[in-house]
K.L.:
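Here you go, one structure.
All heavy atoms count here, side chains included; hydrogens, waters and symmetry mates do not.
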Amino acid sequence: QVQLVESGGGLVQAGGSLRLSCAASGRTISRYPKGWFRQAPGKEREFVAAISWSGVNTYYADSVKGRFTISRDNAKNTVYLQMNSLKPEDTAVYYCAAYSSACSGYGCFARPGSTEYWGQGTQVTVSS
């Protein structure tokens, strides 16, 4: 059984930074591509960022490009999302995801249906 557990969410002022972590446990999924999605109240879950299993390739939604950075440490089975220059519109529940091992490219990573496992989510609130 695979578990993805997010941490690092919280309340921050606009312009501030947060670093989210996602620790995987259970069956080893270190070679799975990983990603982050978010969901604001009343809105659909949307893609934020993804990273290939090797960490070489990264993908970002236009809304976060240049401000967020995704990275991973396969030895620790952990994925990170460094969020800088946060804006009130970044307020959402952030979910970690592990994709199907066959998933590759932005078109696949951006689809919530491409994921195999989800974390429980962590709340990020950015005040103006």
Side-chain angles (χ1 to χ4, degrees):
Q1 184 178 355
V2 172
Q3 275 193 316
L4 299 174
V5 179
E6 302 97 333
S7 60
L11 173 64
V12 64
Q13 287 190 331
S17 298
L18 282 174
R19 188 194 196 204
L20 305 184
S21 298
C22 171
S25 62
R27 183 165 65 89
T28 301
I29 55 172
S30 62
R31 296 180 73 85
Y32 281 43
K34 304 278 188 1
W36 292 91
F37 288 76
R38 67 186 182 187
Q39 189 165 18
K43 295 188 176 182
E44 293 187 351
R45 192 167 297 191
E46 65 173 3
F47 170 74
V48 175
I51 187 166
S52 62
W53 72 266
S54 66
V56 171
N57 298 308
T58 57
Y59 307 83
Y60 297 94
D62 287 342
S63 58
V64 306
K65 204 172 291 184
R67 299 188 298 123
F68 290 11
T69 302
I70 188 171
S71 61
R72 65 190 295 163
D73 184 338
N74 286 342
K76 296 182 179 179
N77 242 352
T78 301
V79 179
Y80 306 97
L81 185 68
Q82 178 67 43
M83 305 186 295
N84 299 329
S85 302
L86 283 161
K87 304 174 182 180
E89 51 264 44
D90 293 319
T91 295
V93 177
Y94 282 70
Y95 296 91
C96 175
Y99 295 92
S100 160
S101 58
C103 192
S104 65
Y106 186 92
C108 185
F109 291 136
R111 291 196 304 266
S114 299
T115 64
E116 286 198 356
Y117 302 100
W118 290 100
Q120 83 289 350
T122 185
Q123 177 70 47
V124 171
T125 303
V126 184
S127 63
S128 56

K.L.:
If the condition is side chain to side chain contact (heavy atoms under 4.5 Å, CB included), which residues does Ser71 pass it with, not counting sequence neighbours?
P.N.:
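Tyr80.
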K.L.:
Please go through Val93's hydrophobic cluster and name the other residues, only I, L, V, M, F, W, Y counting, with side-chain heavy atoms under 4.5 Å joining them.
P.N.:
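Same cluster as Val93: Phe37, Phe47, Tyr59, Tyr95, Tyr99, Tyr106, Phe109, Trp118.
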K.L.:
Which heavy-atom pair separates Leu4 from Ala24 by the least distance, and what is that distance?
P.N.:
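Residues Leu4 and Ala24, closest heavy atoms: CD2-CB, 3.6 Å.
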K.L.:
Check salt bridge (charged side-chain N to carboxylate O under 4.0 Å, His left out) between Arg67 and all other residues, then give those that pass, not counting sequence neighbours.
P.N.:
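Partners of Arg67 under the salt bridge (charged side-chain N to carboxylate O under 4.0 Å, His left out) test: Asp90.
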K.L.:
Could you work out the complete set of other residues in the hydrophobic cluster of Val5, with links drawn between I, L, V, M, F, W and Y side chains under 4.5 Å apart?
P.N.:
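Once heavy-atom contacts under 4.5 Å are chained together, Val5 still belongs with nothing else.
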K.L.:
Determine whether Cys22 and Trp36 satisfy the following criterion, side chain to side chain contact (heavy atoms under 4.5 Å, CB included), listing intermediate values before the conclusion.
P.N.:
CA-CA 9 Å; Cys22 171; Trp36 292 91; 3.7 Å; yes
K.L.:
Verify, without hydrogens or angle tests, whether Thr69 (side chain) and Gln82 (backbone) share a donor-acceptor contact under 3.5 angstrom.
P.N.:
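No, because the side chain of Thr69 does not come within donor-acceptor range (under 3.5 Å) of the backbone of Gln82.
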K.L.:
Among all residues two or more places apart in sequence or in another chain, which pass the side chain to side chain contact (heavy atoms under 4.5 Å, CB included) test with Val12?
P.N.:
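Only Leu18, Leu86, Val126 meet the side chain to side chain contact (heavy atoms under 4.5 Å, CB included) criterion with Val12.
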K.L.:
In chain order, what residues pass the salt bridge (charged side-chain N to carboxylate O under 4.0 Å, His left out) check against Lys43, with sequence neighbours excluded?
P.N.:
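If we apply the salt bridge (charged side-chain N to carboxylate O under 4.0 Å, His left out) test to Lys43, skipping adjacent residues, there are no hits.
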K.L.:
Just jot down the side-chain hydrogen bond (donor to acceptor under 3.5 Å, both in side chains) partners of Thr91, sequence neighbours excluded, or say none.
P.N.:
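Partners of Thr91 by the side-chain hydrogen bond (donor to acceptor under 3.5 Å, both in side chains) criterion come out as none, since no residue qualifies.
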K.L.:
Taking the side chain as everything from C-beta on, heavy atoms only, tell me whether Tyr32 gets closer than 4.5 Å to Tyr117.
P.N.:
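Tyr32 vs Tyr117: side chains touch.
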K.L.:
In Å and rounded to the nearest 0.5 Å, what is the CD to SG distance from Glu116 to Cys103?
P.N.:
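Reported value, rounded in 0.5 Å steps: 9.5 Å.
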K.L.:
Donor-acceptor pair, Asn74 side chain versus Trp53 backbone, under 3.5 Å?
P.N.:
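Checking the backbone N and O of Trp53 against the side chain of Asn74, a donor-acceptor pair under 3.5 Å is found.
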K.L.:
I'd like to check the side-chain hydrogen bond (donor to acceptor under 3.5 Å, both in side chains) partners of Glu89; sequence neighbours left out, ordered by chain and number.
P.N.:
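If we apply the side-chain hydrogen bond (donor to acceptor under 3.5 Å, both in side chains) test to Glu89, skipping adjacent residues, there are no hits.
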K.L.:
I need the full list of salt bridge (charged side-chain N to carboxylate O under 4.0 Å, His left out) pairs touching residues 45-59, with sequence neighbours left out, sorted by first then second residue.
P.N.:
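Qualifying pairs: Arg38-Glu46.
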K.L.:
Within the side chain of Thr122, is there an N or O that forms a donor-acceptor pair under 3.5 Å with the backbone of Gly8?
P.N.:
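Checked: no pair found.
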K.L.:
Can you name the side-chain hydrogen bond (donor to acceptor under 3.5 Å, both in side chains) partners of Gln3, sequence neighbours left out?
P.N.:
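So Gln3 forms no side-chain hydrogen bond (donor to acceptor under 3.5 Å, both in side chains) with any residue.
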K.L.:
Run the numbers on Leu20 and Glu6 for side chain to side chain contact (heavy atoms under 4.5 Å, CB included), then give the verdict.
P.N.:
CA-CA 7 Å; Leu20 305 184; Glu6 302 97 333; over 6 Å; no
K.L.:
For residues 9-22, which residue pairs qualify under side-chain hydrogen bond (donor to acceptor under 3.5 Å, both in side chains), counting only residues two or more places apart or in two chains?
P.N.:
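Checked against side-chain hydrogen bond (donor to acceptor under 3.5 Å, both in side chains) - neighbours excluded - the pairs reaching residues 9-22 are Ser17-Asn84.
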K.L.:
Please report the shortest heavy-atom distance between Thr115 and Ala97, naming the atom on each side.
P.N.:
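Scanning both residues, the minimum pair turns out to be CG2-CB, 3.6 Å.
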K.L.:
List the residues meeting side chain to side chain contact (heavy atoms under 4.5 Å, CB included) with Ser128, not counting sequence neighbours, and say none if there are none.
P.N.:
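Ser128 satisfies side chain to side chain contact (heavy atoms under 4.5 Å, CB included) with Pro88 only.
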